[in-house]
Number of protein chains: 2
Amino acid sequence: MDLSNKQITVIFKALCDENRVQIFRLLQGGERCACELLDEMQLSQPTLSHHMKILCDSGLVVGRKEGKWTHYSISADGAEAAIKCISELTAVTETEGKRCCGE
Amino acid sequence: MDLSNKQITVIFKALCDENRVQIFRLLQGGERCACELLDEMQLSQPTLSHHMKILCDSGLVVGRKEGKWTHYSISADGAEAAIKCISELTAVTETEGKRCCGE
DNA sequence: ACCTCATATTGAAAATTTTCTATATTATAT
DNA sequence: ATATAATATAGAAAATTTTCAATATGAGGT
């Protein structure tokens with residue numbers, strides 16, 4: 001993959017806010033339009049819109065416009081990419097114990 | 001697992017900052033003490049210490065104290081837990097298309 | 001006991017993020 | 001064309017996060 005540090009932060013910013021995590025829980029039940037999400041969240045409409053932008057920017061959520069509505073859903077591809085990213089970042093490539101600081 | 005929204009944000013906060021992502025890249029080479037990390041990052045010592053606290057709080061990094069030094073490394077268990085968390089959060093449990101907003 | 005080294009904590013400034021109100025945009029209906 | 005409905009954008013206030021300087025803590029060494 002080879003994402004920049006910056007790109008990685010954009011992905012995981014999706015999960016750094018309690019409201020956005022809650023939105024994931026709502027989207028687990030399938031595609032939802034913004035108005036439905038707004039009903040269930042204690043947020044103003046512009047604030048929800050702001051969070052949806054961050055979620056879409058992360059790639060973990062996709063928006064589908066249809067007439068007046070925008071339908072949001074979890075992206076399986078985005079989720080896979082995020083998991084791959086975290087796997088790669090946490091994979092230790094160390095072959096053997098290099099020691100430091102007087103060990 | 002069943003983590004609260006808040007607990008989930010604590011995990012992924014680790015990956016929401018470019019400096020912290022860079023610290024992961026350094027730790028991929030194996031355990032490092034704070035002074036080594038400090039050498040390689042453009043940060044003051046207190047700022048590094050602050051980031052290491054956030055990383056340890058996330059569970060993705062563990063600190064091991066040894067004499068004057070603290071040695072940090074990536075936690076395989078923490079990584080696994082984070083991956084499980086993101087998998088669960090992005091798993092769509094929808095059985096069939098429920099429609100809304102005039103579809 | 002004192003000094004030094006490694007790291008952590010405190011407290012405040014700077015930067016970023018979250019939130020809201022007001023307004024704009026875009027689509028559909030009348 | 002006008003009105004209404006759904007969502008997005010702009011701009012500013014509030015909250016949080018990042019950062020650093022100063023200081024504290026704690027572990028060895030002399």
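Quick note on labels: first sequence line is chain A, next is B, and so on, each numbered from 1.
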Item to check | Side chain proximity check, A/Ser75 to A/Leu60, heavy atoms < 4.5 angstrom | outcome: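 No. Closest side-chain heavy atoms not under 4.5 Å.
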
Next on the checklist: For the backbone of B/Leu43 and the side chain of B/Thr47, can you confirm whether one donor and one acceptor N or O come within less than 3.5 Å of each other?
Outcome noted: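 No; judged by distance alone, with no hydrogens or angles, the pair does not exist.
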
Checklist entry - B/Thr90 side chain to B/Ile86 main-chain N or O, any donor-acceptor pair under 3.5 Å? => result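 Checking the backbone N and O of B/Ile86 against the side chain of B/Thr90, a donor-acceptor pair under 3.5 Å is found.
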
Considering just the side-chain nitrogens and oxygens of [X], establish if one lies under 4.0 Å of OP1 or OP2 belonging to [N].
X       : N      : result
B/Lys65 : D/dA27 : no
B/Thr47 : D/dC20 : yes
B/Lys68 : D/dG29 : no
B/His50 : C/dT10 : no

Grab the [atom1]-[atom2] distance between [X] and [N] for me, whole Å please.
X       : N      : atom1 : atom2 : answer
B/Glu36 : C/dC5  : CD    : C1'   : 15 Å
A/Ile23 : C/dT18 : CD1   : C1'   : 12 Å
A/Asp17 : D/dT16 : CG    : C1'   : 11 Å
B/Arg64 : D/dA27 : CZ    : C1'   : 15 Å
B/Gln45 : D/dC20 : CD    : P     : 11 Å
A/Lys53 : C/dT18 : NZ    : P     : 13 Å
A/Trp69 : C/dA27 : CH2   : C1'   : 9 Å
A/Leu37 : D/dA6  : CG    : P     : 14 Å

Next on the checklist: Using a 4.0 Å heavy-atom cut-off, does B/Thr70 contact any base of the nucleic acid, only the sugar-phosphate backbone, or nothing at all?
Outcome noted: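 B/Thr70: backbone/sugar contact only, no base atoms under 4.0 Å.
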
Checklist entry - Which is true for A/Ile54 with a 4.0 Å heavy-atom rule: it touches a base, it touches only sugar-phosphate, or it touches nothing? => result sugar-phosphate

Checklist entry - Of the non-hydrogen atoms in A/Leu37 and A/Met52, which two are nearest, and what is the gap between them? => result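 So the two residues come closest at CD1-CE, 3.8 Å.
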
Item to check | Residue closer to the 5' end of DNA chain C, B/Cys33 versus A/Gln42 (nearest nucleotide) | outcome: B/Cys33

Checklist entry - When you match A/Pro46 and A/Arg20 each to their closest nucleotide on DNA chain C, which lands nearer the 5' end? => result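 Closer to the 5' end of DNA chain C: A/Arg20.
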
Checklist entry - If you check the B/Lys13 side chain, which of C/dA8, D/dT17, D/dT9 turns out closest? => result D/dT17

Next on the checklist: Atom CD of residue position A/Glu80 - does it have more than 12 heavy atoms of other residues, nucleotides or ligands inside 6.0 Å?
Outcome noted: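 Incorrect, the count does not exceed 12.
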
